[in-house]
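Comments concern the structure below.
This chain uses plain numbering: 1 for the first residue, then up along the sequence.
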Amino acid sequence: MVEGCDTGSLNYLIIQVARAHRALAAELLEQLGLHPGQEFILLNLYEQDGLNQSQLAERLVVQPPTVTKMLQRMEATGLLERRSSPQDSRVWLVYLSEKGRALMPRIHQAWIELETCTSQGLSVEEKEQLEVLLGKVRTHLVAGGSQCD
């Protein structure tokens, strides 16, 4: 067996946890009529309505074409609306619709349920430690983890 590729390796465990977490998130979000990832757009707009597509892509750490496709789907279902910027007609600003805003309490509840399921069996201290460790891993990988020392 190649080191780092066995079923007990950190790589394998992270992938398995991510898959299981995403599957549960998808199940909870499906009940709200959402696909995974769409809740992040709604949450960002709830925090700051009127973001442009580039700002959303940056906040979500995804490519702009990915955001464009997501916004098109969400606009078609009435969750948000895009309006031309008064300062620059080439820029589209994205706003929550009333339907999207009305979903926010249910999204928050789904995330509480997801976190409860995710951390079930962990002590408060273990959960806090896991949050710190995952934060460090994310920070390193987002900052260019492909250039490991």
Side-chain angles (χ1 to χ4, degrees), residues 7 9-147:
T7 58
S9 72
L10 182 60
N11 293 327
Y12 185 84
L13 291 171
I14 287 174
I15 289 168
Q16 293 303 308
V17 167
R19 285 181 179 160
H21 188 269
R22 185 171 175 87
L24 180 56
E27 183 181 316
L28 293 170
L29 292 170
E30 184 180 27
Q31 297 170 19
L32 306 178
L34 297 174
H35 297 286
Q38 291 180 334
E39 79 279 17
F40 292 119
I41 288 178
L42 296 174
L43 288 166
N44 275 281
L45 293 175
Y46 186 73
E47 289 176 4
Q48 185 179 348
D49 218 7
L51 294 170
N52 66 43
Q53 293 178 206
S54 296
Q55 291 169 317
L56 282 167
E58 185 177 310
R59 287 177 177 218
L60 298 173
V61 193
V62 297
Q63 295 298 313
T66 302
V67 170
T68 300
K69 186 176 272 191
M70 291 173 75
L71 294 177
Q72 289 169 344
R73 289 180 181 152
M74 294 173 76
E75 188 174 31
T77 60
L79 294 170
L80 52 83
E81 53 188 54
R82 292 185 288 174
R83 302 179 206 147
S84 183
S85 169
Q87 288 79 27
D88 186 346
S89 61
R90 297 169 296 168
V91 175
W92 290 93
L93 303 179
V94 185
Y95 296 88
L96 276 179
S97 68
E98 287 306 314
K99 181 179 176 181
R101 192 169 303 284
L103 267 182
M104 295 313 301
R106 294 176 63 200
I107 291 171
H108 286 288
Q109 188 57 44
W111 274 82
I112 290 169
E113 185 176 339
L114 180 61
E115 184 160 326
T116 299
C117 290
T118 301
S119 62
Q120 193 169 21
L122 298 177
S123 69
V124 172
E125 294 80 18
E126 288 170 328
K127 182 182 173 202
E128 289 171 356
Q129 185 178 20
L130 181 60
E131 289 171 353
V132 169
L133 294 172
L134 289 174
K136 286 181 178 181
V137 170
R138 181 196 59 211
T139 298
H140 172 71
L141 293 176
V142 169
S146 63
Q147 301 165 358

Residues two or more places apart in sequence or in another chain: which of them pass side chain to side chain contact (heavy atoms under 4.5 Å, CB included) with [X]?
X: A25; result: L114
X: E126; result: L122, S123
X: E128; result: V124
X: T66; result: V62, Q63, M70

Q: Output every pair passing ring-ring contact (aromatic ring centres under 6.0 Å, His included) with a member in residues 52-78, not counting sequence neighbours, ordered by first then second residue.
A: none
Pairs in or reaching into [range]: which pass side-chain hydrogen bond (donor to acceptor under 3.5 Å, both in side chains), with residues at least two apart or in two chains?
range: residues 74-84; result: Q53-R82, E75-R82, E81-R83
range: residues 28-49; result: N44-R59, Q48-R59, D49-R101
range: residues 103-117; result: E115-K127

Q) Which distance, rounded to the nearest 0.5 Å, do you find between the OG of S9 and the CD1 of I15? A) 7.5 Å
Q: State, yes or no, whether a side-chain contact exists between L42 and L34 at a heavy-atom distance under 4.5 Å.
A: yes
Q. Side chains of I41 and L79: closer than 4.5 Å at any heavy-atom pair?
A. no
Compile the donor-acceptor pairs under 3.5 Å between side chains in residues 86-93 and protein atoms, sequence neighbours left out, one pair per line.
from : atom 1 : to  : atom 2 : distance (Å)
Q87  : OE1    : S85 : OG     : 3.3
D88  : OD1    : R90 : N      : 3.0
D88  : OD1    : R90 : NE     : 3.0
D88  : OD2    : R90 : NH2    : 3.0

Q.
Does atom CD (Q129) have a neighbourhood of more than 12 heavy atoms from anything else shown, all under 6.0 Å?
A. no
(Q) Tell me the closest heavy-atom pair linking L32 and A110, and the distance in Å. (A) CD1-CB, 4.4 Å
**Q.** Nearest heavy-atom neighbours spanning G50 and L45
**A.** N-CD2, 4.3 Å
